[in-house]
Amino acid sequence: MTVTDADIAVVTEQLGRTPRGVLEVSYRTPDGQPAVIKTAPKLADGTPFPTLYYLTDPRLTAEASRLEVAHVMKWMEARLGEDEELAADYQRAHEYFLAKRNDIEDLGTDFSGGGMPDRVKCLHVLIAYALAEGPQHFRLGTEAVAMAADHGKLRGTAIPQDWPTVEDLGIDLAQFDFSNAE
């Protein structure tokens with residue numbers, strides 16, 4: 001997906017600053033807004049910027065923050081330590097992320113984003129990555145987007161109507177404490 005001057009203007013408004021190193025809009029919401037941008041691994045001044053996919057839509061960034069406050073990351077990370085298949089899926093997502101970024105420019109590092117492959121450090125990154133690559137790309141990203149869609153009531157506006165639901169994925173949102181996240 002290309003990026004237009006109009007996209008940059010919208011993303012500037014979303015972020016409250018001019019975005020740097022934008023290569024494309026990797027995901028647009030069902031209501032037409034740019035929501036995930038792909039960024040260059042190095043900014044114009046040479047500064048490394050390893051975050052390939054950057055979440056920009058305020059509805060999505062706010063919901064990612066709510067999920068983080070509700071300790072979704074801790075829940076995901078605990079599962080990584082217990083479920084070999086999930087850990088292998090997350091490792092594959094990490095390797096794919098690195099390969100995709102390195103195809104643009106190799107930073108000479110194995111740091112990808114969001115804490116991959118061993119930790120879950122940032123749901124903003126996982127949500128951006130999953131939205132850019134689609135719902136079947138990696139399990140934790142699919143789950144994070146489903147949780148944002150269903151908890152934040154963003155399905156059909158910021159997140160596709162047909163994204164898997166928390167019910168489809170066997171996630172009970174009641175297990176999380178959102179009392180400090182509202």
Side-chain angles (χ1 to χ4, degrees), residues 14-17 26-27 29-30 33 35-39 49-98 100-101 109-182:
Q14 290 173 335
L15 298 176
R17 62 172 175 77
S26 295
Y27 171 75
T29 62
Q33 296 300 304
V36 176
I37 55 175
K38 182 187 284 182
T39 59
F49 193 78
T51 304
L52 183 62
Y53 297 115
Y54 198 90
L55 193 62
T56 64
D57 185 288
R59 298 167 295 183
L60 294 167
T61 58
E63 192 56 33
S65 295
R66 286 184 197 97
L67 295 172
E68 288 178 352
V69 170
H71 304 290
V72 169
M73 294 180 308
K74 289 180 182 179
W75 171 73
M76 288 179 166
E77 193 166 314
R79 291 171 48 225
L80 280 177
E82 300 165 356
D83 184 334
E84 289 181 22
E85 188 176 314
L86 182 65
D89 180 71
Y90 203 48
Q91 178 69 38
R92 286 188 299 274
H94 163 73
E95 291 168 1
Y96 179 89
F97 184 105
L98 286 177
K100 194 145 189 169
R101 189 184 69 208
T109 179
D110 64 354
F111 172 80
S112 54
M116 292 186 289
D118 304 315
R119 297 173 44 222
V120 180
K121 187 175 137 185
C122 179
L123 293 181
H124 297 77
V125 170
L126 295 189
I127 289 170
Y129 181 14
L131 286 170
E133 293 293 339
Q136 302 308 319
H137 184 67
F138 73 114
R139 176 71 187 204
L140 293 181
T142 301
E143 290 177 359
V145 174
M147 294 172 82
D150 294 343
H151 179 264
K153 299 177 180 30
L154 299 175
R155 191 172 297 280
T157 56
I159 295 170
Q161 188 67 38
D162 62 352
W163 194 275
T165 67
V166 292
E167 185 177 341
D168 295 338
L169 300 171
I171 299 168
D172 179 7
L173 286 174
Q175 71 182 306
F176 302 100
D177 179 5
F178 286 98
S179 63
N180 293 316
E182 300 303 329

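Positions are given from 1 along the sequence. Just so it is clear, the model here is predicted, and its values are computed rather than measured.
- The shortest non-hydrogen separation linking Pro164 to Gln136 is CG-NE2, 4.0 Å.
- Between Val125 and Leu123, every side-chain heavy-atom pair lies at or beyond the 4.5 Å cut-off.
- No donor-acceptor distance shorter than 3.5 angstrom exists from the side chain of Asp177 to the backbone of Ala70, with no hydrogens or angles considered.
- In this structure, the side-chain hydrogen bond (donor to acceptor under 3.5 Å, both in side chains) partners of Ser112, at least two apart in sequence or on a different chain, are His94.
- Side-chain N or O atoms of Gln91 include none that pairs as donor or acceptor with a backbone N or O of Pro117 at under 3.5 Å.
- Remark: Leu140 CG to Leu126 CG distance equals 6.5 Å, nearest 0.5 Å.
- Aromatic rings from Tyr27 and Tyr53 are positioned such that their centres are separated by 6.0 Å or more.
- In the displayed structure, Glu84 atom CD is contacted under 6.0 Å by at most 12 heavy atoms of other residues, nucleotides or ligands.
- The two residues Ser26 and Lys38 make their nearest non-hydrogen contact at OG-CB, 3.3 Å.
- Here the side chains of Val72 and Phe176 are in contact, with some heavy-atom distance below 4.5 Å.
- By the 4.5 Å heavy-atom criterion applied to side chains, His151 and Phe178 are counted as neighbours.
- For the salt bridge (Lys or Arg N to Asp or Glu O under 4.0 Å) condition, the pairs that include at least one residue of residues 55-64, sequence neighbours left out, are Asp31-Arg59, Asp57-Arg59, Glu63-Arg66.
- No hydrogens or angles considered: a donor-acceptor pair under 3.5 Å links the side chains of His137 and Tyr129.
- Residues Leu131 and Leu60 have side chains in contact (heavy-atom distance under 4.5 Å, counting atoms from C-beta outward).
- Pro50 and Arg101 get closest at one heavy-atom pair: O-NH1, 3.2 Å.
- Screening Thr165, Thr142, Leu173 for a side chain to side chain contact (heavy atoms under 4.5 Å, CB included) with Met147, the sole residue that qualifies is Leu173.
- Rounded to the nearest 0.5 angstrom, Leu154 CG and Gln161 CD are separated by 11.5 Å.
- For Arg119 against Tyr90, the heavy-atom pair with the smallest separation is O-OH, 2.9 Å.
- Shown here for Ala64 and Leu55, the closest heavy-atom pair between the two residues is CB-CD2, 4.4 Å.
- Contacts classified as salt bridge (Lys or Arg N to Asp or Glu O under 4.0 Å) and involving residues 120-138 (residues at least two apart or in different chains) are given here: Lys100-Glu133.
- For the pair Arg155 and Asp162, the minimum side-chain heavy-atom distance is 4.5 Å or more.
- Note that the OH atom of Tyr54 and the CD1 atom of Ile37 stand 7.5 Å from one another [nearest 0.5 Å].
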*asked:* Does Glu85 form a side chain to side chain contact (heavy atoms under 4.5 Å, CB included) with Arg139? I'd like the steps, not just the answer.
replied: CA-CA 10 Å; Glu85 188 176 314; Arg139 176 71 187 204; over 6 Å; no
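- For the pair Glu167/Ile171, no side-chain contact is recorded, criterion being any heavy-atom separation below 4.5 Å from C-beta on.
- Looking at Arg79 and Glu143, their side chains come closer than 4.5 Å, going by heavy atoms from C-beta outward.
- Residues Thr157 and Thr29 form no side-chain contact, since every pair of their non-hydrogen atoms from C-beta on lies 4.5 Å or further apart.
- Taking all atoms of both residues into account, the shortest heavy-atom contact from Val36 to Thr56 is N-OG1, 4.0 Å.
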